[in-house]
Amino acid sequence: MKKFKRHLVTAALPYANGPIHIGHLAGVYVPADIYCRYLRLKGEDVKFVCGSDEHGVPITIKARHEGVTPQQIVDKYHGMIKDAFERFGISFDIYHRTTNPIHYQTASEFFKTLFNKGEFIEKTTQQFFDEEAGQFLADRYIIGTCPRCNFENAYGDQCEKCGSSLSPDELINPRSTISGNKPVLKETRHWYLPLDKYEPFLRKWILEDNKHWKSNVYGQCKSWLDGGLEPRAVTRDLDWGIPVPIEGAEGKVLYVWFDAPIGYISATKDLTKDWQLYWKDPETKMVHFIGKDNIVFHCIIFPAMLKAEGSYILPDNVPANEFLNLEGEKISTSRNWAVWLHEYLDDFKDKQDVLRYVLCASAPETKDNDFTWKDFQARNNNELVAILGNFVHRSLVLTHKYFDGRVPALINPDDYDNEVLGEIIKIRKLVESNLENFRFREALKETMNLARLGNKYLADREPWILIRTDKEKTGSVLNVALQISANLSALIEPFLPITSGKLIGYLNMDHIKWSEIGNPKVLEAGHELRESKLLFEKIEDNVIQEQLDKLARIKKMNESAAAGLEPAKNQVTYDEFSTMDIRIGKILSAEKVPKTDKLLKLTIDTGLDTRTIVSGIAEYFKPEDLPGKLVCVLANLAPRNIKGIESRGMILLAEEPDGKLVFIVPEEGTKLGSTVK
RNA sequence: GGCGAGAUAGCUCAGUUGGUCAGAGCGCAUGAUUCAUAAUCAUGAGGUCGGGGGUUCGGAUCCCCCUCUCGCUACCA
């Protein structure tokens, strides 16, 4: 393996429109922090950078929604996130933000360099423009009537009612959400990064030179590369972001995915004047910790940007994790289905390490994993308390009891003593190789094995019995147990930094370096110990039950009327309603539309005629169950070509809050063709 | 539908190039023990390694087909 002079570790930039939850921690920040703490203990030169990603359309929407400025939104969440990370103990060397002036400057320069080198393609396209507000409209800022379902408040990119993906020019009666006016199409010029140009380079770099990357990362990259890369726009018409730093680009900003990864660079710049060493010297090892949703940006797009710029190094590895679920369900910010870091820190005072431990022990390294409060409790009580805390505690208590709190001498160690002491360095080596290969779960397990070894040693030696007959030998046994404890204090530091500090305090010793782990004489005979308190305490059922109750309440809220239901719609007149020609019809036949997941092709007798309707209901109904069923049909909906089939009309369905579809069924015997009023 | 990643003991996961690879931790059962937060230590039960074919002397491990889960993507009420 290549030896590097220094390390640059980045953790994915949290998007500043919400707080941090356990999914973020398990996937990115806990492993990254463990990795960095390990490197620092080894005496490596390492910079650990992160920061808030504060641009992009969702933040402007949230701001508009709450009636505040985008800056106020990002100030709020940046503050929350930064504070939570600090309280939790993530050891960033700097937690930056992309609204920082240094970032504006860095991103602008980066863009200009690429621009001047002629790395961009310019394209002119037509986009909607709000003349009153004097700005181009992002898709989300345009609403209009959905061409599919006639919902009046569909967004330019998607109809929230029918779920259709739309483009703004499809909307009927489009209007701007800013002024309410009808937007006009206007020409706009944008710059594109021709990713296709870098495809041969990326192919070699990833597919040939980086075969050791995790299979999920490698596979996804291969999928993108095999699918062919296309130029991607790096600018947008928006008033929130970094202005495009060239003439004639007024009112345009850098697209958020272009500016965000540069945030790693600006953070480093703000951190140290030697930033170029970390970004441009091939002897720097750069590692990006991210979640699987970010793979393409960190493995394809950002490297292409860096390559285009020309003077930067590329990441050595991109250890992307999968996702963490909570109690069997996907974590969801909008449904409030999460364990929020700031709430955890309030509910579990001084238990940062417990969460670090649990999230590391069941991190979604190879596949999605599930966080459950029961598992959290079990890991705390059965592993941290029973194995680690207990071993340290009994070593210290016995020493205080029999030797007045002073480290007894190791006299004439026998084979077993030497064997046990010799194990320490072996475990250290295992932990090292696992950490260096980003196998944090395994590394943690090996770490705990040292405490297990200690417990077994004490059980085998029985110092509490030995003391009756042989005080000198008892002293030797406790010496060994204390040496193990002292070594543990360093070995656990990357995983459990606060606990490590406590243990060092109880042992009344200095921090030891990683390279010293394995030294069987860390503590000298006669060294005085401080009073020992418990490293961990049991977590009782009622505490866990409170958390479960909290989740149950959230679930109930989500299921209950208010949360899941769509907001009431605007009034309509009877005349407007009566334009709908809704008829009672009967399904004659149904078959799946080939090569689709959701579509069924239905033949309907509407009483007036027999017609074909394509309906996206295949996820909820089997074709064979449908013939003979009476349904309500919107008969005068404009025909639409779907997957090459002309669909004439729409079957009316009720959609439950969870998305489940239910037919609106007329009473048995209703005559076909009857109108619905 | 296309692509990617998964599917191994109750739970969470290891299993490098096919031949002690059927494993670990937790849980469970039994026994030992009492220094310790009813903690610890020992022993044990448990799996046709998602299903079905194939190649091979031999497959969790390679090939083909299928099923299920997650993600990306396409189509859609």
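Predicted model only: the values in this text are computed from it and were never measured. Chain letters run A, B, ... following the sequence lines, proteins first, then strands; residues in each count from 1. Heavy-atom basis, side chains included; hydrogens, waters and symmetry copies ignored.
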What's the gap between [N] and [M] when it is taken at their [atom1] atoms, as a whole Å value?
N: B/rU17; M: B/rC76; atom1: P; value: 43 Å
N: B/rA42; M: B/rU56; atom1: P; value: 46 Å
N: B/rC70; M: B/rC65; atom1: P; value: 23 Å
N: B/rU8; M: B/rC3; atom1: P; value: 24 Å
N: B/rU33; M: B/rC41; atom1: C1'; value: 8 Å
N: B/rA60; M: B/rG52; atom1: C1'; value: 16 Å
N: B/rG4; M: B/rG46; atom1: P; value: 40 Å
N: B/rC49; M: B/rC62; atom1: P; value: 15 Å

Problem set entry | Which residue lies more 5' along RNA chain B, comparing A/Lys401 with A/Arg452 via nearest heavy atoms | A/Arg452
For this session: Identify, between A/Leu534 and A/Gly219, the residue whose nearest nucleotide on RNA chain B lies closer to the 5' end.
Result: A/Gly219
Please pick, from [options], the nucleotide with the shortest atom-to-atom distance to any side-chain atom of [X].
X: A/Arg439; options: B/rA5, B/rC35, B/rA14; result: B/rA14
X: A/Lys445; options: B/rA24, B/rA5, B/rU34; result: B/rA24
X: A/Phe323; options: B/rA77, B/rG71, B/rC41; result: B/rG71

For this session: Tell me, please, whether A/Phe438 has A/Lys214 positioned over its six-membered ring: NZ or CZ under 6.0 Å from the ring centre and within 45 degrees of its axis?
Result: no
Can you measure [X] atom [atom1] to [N] atom [atom2] for me and round it to whole angstrom units?
X: A/Lys538; N: B/rA36; atom1: NZ; atom2: P; result: 16 Å
X: A/Lys222; N: B/rU73; atom1: NZ; atom2: P; result: 20 Å
X: A/Lys502; N: B/rU37; atom1: NZ; atom2: P; result: 16 Å
X: A/Asp460; N: B/rU33; atom1: CG; atom2: P; result: 14 Å
X: A/Ile467; N: B/rU33; atom1: CD1; atom2: P; result: 20 Å
X: A/Tyr457; N: B/rA42; atom1: OH; atom2: C1'; result: 19 Å
X: A/Asn325; N: B/rA5; atom1: CG; atom2: P; result: 20 Å
X: A/Leu225; N: B/rU73; atom1: CG; atom2: C1'; result: 16 Å

For this session: Describe the nucleic acid contact of A/Lys456 in one word from base, sugar-phosphate, nothing, applying a heavy-atom distance below 4.0 Å.
Result: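 A/Lys456: backbone/sugar contact only, no base atoms under 4.0 Å.
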Exercise. Reckon A/Phe536 touches a base, only the sugar-phosphate, or nothing at all at heavy-atom distances under 4.0 Å?
Worked result: base
For this session: Search all heavy atoms of A/Pro261 against all heavy atoms of A/Val256 and return the closest pair with its distance.
Result: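 That closest heavy-atom pairing would be CD-O, 4.5 Å.
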Does OP1 or OP2 of [N] have a side-chain N or O of [X] closer than 4.0 Å?
X: A/Lys330; N: B/rC70; result: no
X: A/Lys292; N: B/rA5; result: no
X: A/Thr366; N: B/rA14; result: yes
X: A/Asn382; N: B/rA39; result: no

Problem set entry | Per-nucleotide protein contact string for nucleotides 7-12 of chain B (B base, S sugar-phosphate only, - none; heavy atom under 4.0 Å) | SS---S
Exercise. For A/Glu327, does the CD atom sit with more than 12 other heavy atoms under 6.0 Å from it, leaving out its own atoms?
Worked result: yes
Exercise. More than 12 foreign heavy atoms under 6.0 Å from CG of A/Asp404: is that the case here?
Worked result: no
Using a strict 4.0 Å threshold on nitrogen-to-oxygen distance, state whether [X] and [Y] make a salt bridge.
X: A/Glu322; Y: A/Lys367; result: no
X: A/Glu446; Y: A/Arg428; result: no
X: A/Arg461; Y: A/Asp417; result: yes
X: A/Lys473; Y: A/Asp414; result: yes
X: A/Asp209; Y: A/Arg203; result: no

Exercise. When A/Val397 is tested against each of A/His400, A/Arg394, A/His393 for side chain to side chain contact (heavy atoms under 4.5 Å, CB included), which residue passes?
Worked result: A/His393
For this session: Output the residues of residues 383-396 of chain A in contact with RNA chain B, where contact means a heavy atom of the residue under 4.0 Å from an atom of the strand; sort by number or write none.
Result: A/Glu383, A/Val385, A/Ala386, A/Ile387, A/Asn390, A/His393, A/Arg394
Exercise. Ignoring hydrogens and geometry, is there a side-chain-to-backbone donor-acceptor pair from A/Asn455 to A/Ile387 under 3.5 Å?
Worked result: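 A pair under 3.5 Å: yes.
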Problem set entry | Side chain proximity check, A/Lys330 to A/Phe323, heavy atoms < 4.5 angstrom | no
Problem set entry | Centroid-centroid under 6.0 Å between A/Trp257 and A/Tyr15 rings |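 Ring centres of A/Tyr15 and A/Trp257 not closer than 6.0 Å.
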For this session: Go through A/Ser589 and A/Thr603 one step at a time and tell me if the side-chain hydrogen bond (donor to acceptor under 3.5 Å, both in side chains) criterion holds.
Result: CA-CA 5 Å; A/Ser589 68; A/Thr603 308; 3.0 Å; yes
Exercise. What dot-bracket string describes RNA chain B from 5' to 3', counting Watson-Crick and G-U wobble pairs whose defining distances are under 3.5 Å, with [ ] for crossing pairs and | for pairs to another strand?
Worked result: (((((((..((((.........)))).(((((.......))))).....(((((.......))))))))))))....
Exercise. For B/rG46, does the O4'-C1'-N9-C4 (purine) or O4'-C1'-N1-C2 (pyrimidine) torsion place it in syn, i.e. within 90° of 0, or in anti?
Worked result: syn
